[in-house]
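Okay, so here's the structure we're looking at.
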Amino acid sequence: MSTYSDLNRDQKEAVLKTEGPVMILAGAGSGKTRTLVTRISYLIEKKRISPFQVLALTFSNKAAREMRERVSTEISVDVGALKITTFHAFCANILRSEATHLGLGRNFTIYDDSESKSIIKTLLKKRGISTKTISPYEVRAFIEYLKNLGHYRGRSGKLDYEVDEKDYFYPFFEEYEDELSRANALDFGGLITGVIQLFETFPEVLRMYQQRFKYVLIDEYQDTNRAQFTLMSLLCGQHRNICVVGDEDQSIYSWRGADIRNILEFEKVYPDVQILKLEQNYRSSKNIIEAASFVIARNTQRKGKKMWTNNEHGEVLEIIECPDDRKEAEFMSETICSLKKQKKIKYKEMAVFYRTNSQSRVIEDYLRSYKIPYRIVGGIKFYERKEIKDLLSYLRLVINSKDSLALSRIINVPARGIGAVTMRKLEQEAENKGCSLWEIVDDIVDNLGNYSHIKLSAKVKSSLREFCLLINDVKVMNQEKVIPSTIFEKILCESNYLTSLKANKDPESLIRVENLEEMKNGIKQFEEGLSHPTLAGYLESITLDTTVEDEDSGEGLRDLTSGEVSLMTVHGAKGLEYPYVFLGGAEEDLFPSFQSLSTGGTAIEEERRLFYVAMTRAMERLYITFARGRMIHGQIRFNGPSRFIHEIPEDYYKWQIIQKDQRQYDKKQEVWDDFEFSQENHYDYD
DNA sequence: CACCGTTAAGTTTTT
DNA sequence: CTTAACGGTG
């Protein structure tokens, strides 16, 4: 890399301003990643900063991977020392090395959302509270809320948020934290707050990291929560070489704790910040950019950017009014086919976006019947499947025997005759002795005599013995650094998990067997390229990065040169771009969602940002479809087109009506012209 | 202890 | 229309 001539003036500035706080407001398609990558290589090659001192934090592994790859093709120096990683992986890393400071074992387990929910459920149950009196969901939300703020138990000093320790829910937060530390576990939020606690409690540790990371860069800054902001402030407190890159108009994760104030009020914390705007869009046609700009301009929570492009005007957008969701899917399929046939557009250049996952079903049905190859991006989660979680629990227990959640999950899977009654006895004993479930189980097997007060049948005893034997065997294997795939194999066979699955002849079990096969492939893949793969390393890699390699769908439908049409939620589409985009279900109560409308306030602005994100993914053509009537929860609902459609000036679109019928939407009057028409008469076509 | 029927509820999901 | 969760029975 010797020249920056391919960058525009603003981008160059963003590269060159390396000292002090910098905020780059990078609009959609403004060449953000390219700018960041160039900035990193400028730091290293021109300013002779050691790669060891540069830290780039992203949210997704995908983003981290992409940046790492692009940096490594860009610069020739050793990139190995360069830290480009996710917030969570970064924190997990620090905590593993500094674990002892916090009284944590370095082999701690990381619980995902569903696991922390289980913890809360058992917690409530233990207290004899029905889930109807207090919903575990609410408790979880409360705990998550605290962690998103950066709160940890006993945090003191000047807090920039308020915590009411007399809050009805607060004791649950404390009990939950106790439960996690007993299990030597952390949840995702705890990874961040754990590092905050570490830094605030041990200034010398903080100083060490401050000295190491002299240049810090944060991508997708609009999605940071309070805790991440605090972490960043601590880390950059000395040198203040902090560069954040984001777009307030693409902040779509506030329900996950993202705090848009982090970006809107950055100047308050860093008055000397240099704010740079990347406003030239290289992705989309003029029509698309301008139409999207009109929509987003309605938001008040903005710093204000004026996106522009040198690209052609291109075609106007198309608004397609369909009688129902099936005709909408049919329109998409028809259009995709004709684009492919007549304009030789490849499938992989087309994408369908929707607000909710449930919308994909009808679309999939039609795509299949039109023999259009497609792939769902971010649909079913591989690692959330029962059989995968079961085997992961075995592996976890081996690594961290205090992980009682993992133990309870698998002690009777496959069925060994160790049921709820036995488990209650064991849990009681563990509680009395103040030790973990595993210790009790392990001890009972060795020293039965000490447990005469616990009545266990002979069958249960022998089951426990067998289970213990297996786990202890595997623990030894792990200590002897046997590779993960061999350990996996052993558990799969000797736990009888595979045998009992195969005994079931139903197709469900067959799929499970295949999934386990795939899991093994995943482990093998992990081992490749590592000289000393460990089980702990494997677990870390998959809890913090659940992306699964694209499998080849050998269904015969796949067209290698043309690829597949991509289907995803609008959330899933962030950061991506496609020449041809279909945005389905642009209806009131769906997009914007019913919930956001009833929440009121600024919730609608986030929906608008979401709509804006969807629009700005499109490079050449954008089709926005809506259905007059849609099946929702088994009932046909008539919601009318999304308000966001009306926010696009009329010169920017062509309004097309599919299958005229009696119930037409009159966009001039914004009312249905026939309200009395009965649903039944309406929906028996074919 | 496992299975089946009933009931209730229903966004988005980077880690 | 789905799906998850609970409570009753065999």
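What you are looking at is a predicted structure, and each value in this text was computed from that prediction instead of being measured.
A:Asn61 has its CG atom 14 Å from the C1' atom of B:dT13, to the nearest Å. As rounded to whole Å, 7 Å separates atom P of B:dT13 from atom NE2 of A:His571. In this structure, A:Glu115 atom CD and B:dT13 atom P are separated by 19 Å, rounded to whole Å. A straight line from CG of A:Asn639 to C1' of B:dT11 spans 14 Å, rounded to a whole angstrom. If you take OH of A:Tyr111 and P of B:dT13, they are 26 Å apart, rounded to a whole angstrom. Nucleotide B:dT14 holds its P atom 17 Å from the CD atom of A:Gln250, rounded to whole Å. Protein atom CG of A:Asp325 is 13 Å distant from nucleotide atom P of C:dC1, rounded to whole Å. Rounded to an integer number of Å, the gap from A:Gln595 CD to B:dT13 P is 13 Å.
You'll find the ring centres of A:Phe173 and A:His151 inside the 6.0 Å limit.
Using a 4.0 Å heavy-atom distance criterion, A:Leu597 is classed as making no nucleic acid contact. Using a 4.0 Å heavy-atom cutoff across all strands shown, A:Val570 reaches no nucleic acid atom at all. No engagement by A:Ala63 is indicated, since no non-hydrogen atom pair under 4.0 Å with the nucleic acid exists. Counting any heavy atom pair closer than 4.0 Å across all strands shown, A:Glu144 reaches no nucleic acid atom. Using a 4.0 Å heavy-atom distance criterion, A:Asp112 is classed as making no nucleic acid contact. Residue-level contact check: A:Phe87 touches neither bases nor backbone, having no heavy atom under 4.0 Å from any strand.
In this structure, A:Tyr137 and A:Thr546 both approach DNA chain B, and ranking their closest nucleotides by distance from the 5' end singles out A:Tyr137. In terms of position on DNA chain B, the residue among A:Gly634 and A:Lys62 whose nearest nucleotide sits closer to the 5' end is A:Gly634.
Look at A:Ser358 and you won't find any side-chain N or O under 4.0 angstrom from OP1 or OP2 of C:dT2. Between A:Asn357 and B:dG10, a side-chain N or O to OP1/OP2 separation shorter than 4.0 Å is absent.
Within the 4.5 Å cutoff, side-chain heavy atoms of A:Lys386 are placed close to those of A:Arg512.
We find that A:Arg630 and A:Glu587 are joined by a salt bridge, their nearest charged nitrogen and carboxylate oxygen being less than 4.0 Å apart. Using a 4.0 Å cut-off between a side-chain N of Lys or Arg and a carboxylate O of Asp or Glu, A:Lys425 and A:Glu429 do not qualify as a salt bridge. A:Asp219 has a carboxylate O that lies under 4.0 Å from a charged side-chain N of A:Lys32, or vice versa, which qualifies the two as a salt bridge. Taking 4.0 Å as the cut-off between side-chain N and carboxylate O, A:Lys117 and A:Asp113 do not count as a salt-bridged pair.
Residue ring and nucleobase are not stacked for A:His633 and B:dA9 under a centre distance beneath 5.5 angstrom and an angle between planes beneath 30°. Once the 5.5 Å centre distance and the 30° plane angle are applied, the aromatic ring of A:Trp255 is found not to be stacked with the base of B:dT11.
Test A:Gln301, A:Arg609, A:Arg302 against A:Asp249 for side-chain hydrogen bond (donor to acceptor under 3.5 Å, both in side chains) and you get one pass: A:Arg302. Considering A:Ile645, A:Val352, A:Val570 as possible partners of A:Leu583, the one that fulfils the side-chain contact (heavy atoms from CB on, under 4.5 Å) test is A:Val570. Between A:Val195 and the choices A:Leu234, A:Leu235, A:Leu102, A:Leu95, the side-chain contact (heavy atoms from CB on, under 4.5 Å) rule is met once, by A:Leu95.
Nucleotides B:dT14 and C:dT3 have their C1' atoms positioned 25 Å apart, rounded to a whole Å. Taking atom C1' in both B:dT12 and C:dA5, the straight-line distance is 23 Å, to the nearest Å.
When distances are taken from the side chain of A:Thr356 to each of B:dT13, B:dT14, B:dT11, the shortest belongs to B:dT11. Nearest nucleotide to the side chain of A:Ser596, out of B:dT12, B:dT11, B:dT14: B:dT11. Distance from the side chain of A:Arg361 is smallest to C:dT2 among B:dT13, B:dT14, C:dT2.
Within residues 582-594 of chain A, the residues having any heavy atom under 4.0 Å from DNA chain B are, by residue number, A:Ser593.
A donor and an acceptor atom never sit less than 3.5 Å apart when one is taken from the side chain of A:Arg355 and the other from the base of B:dT11.
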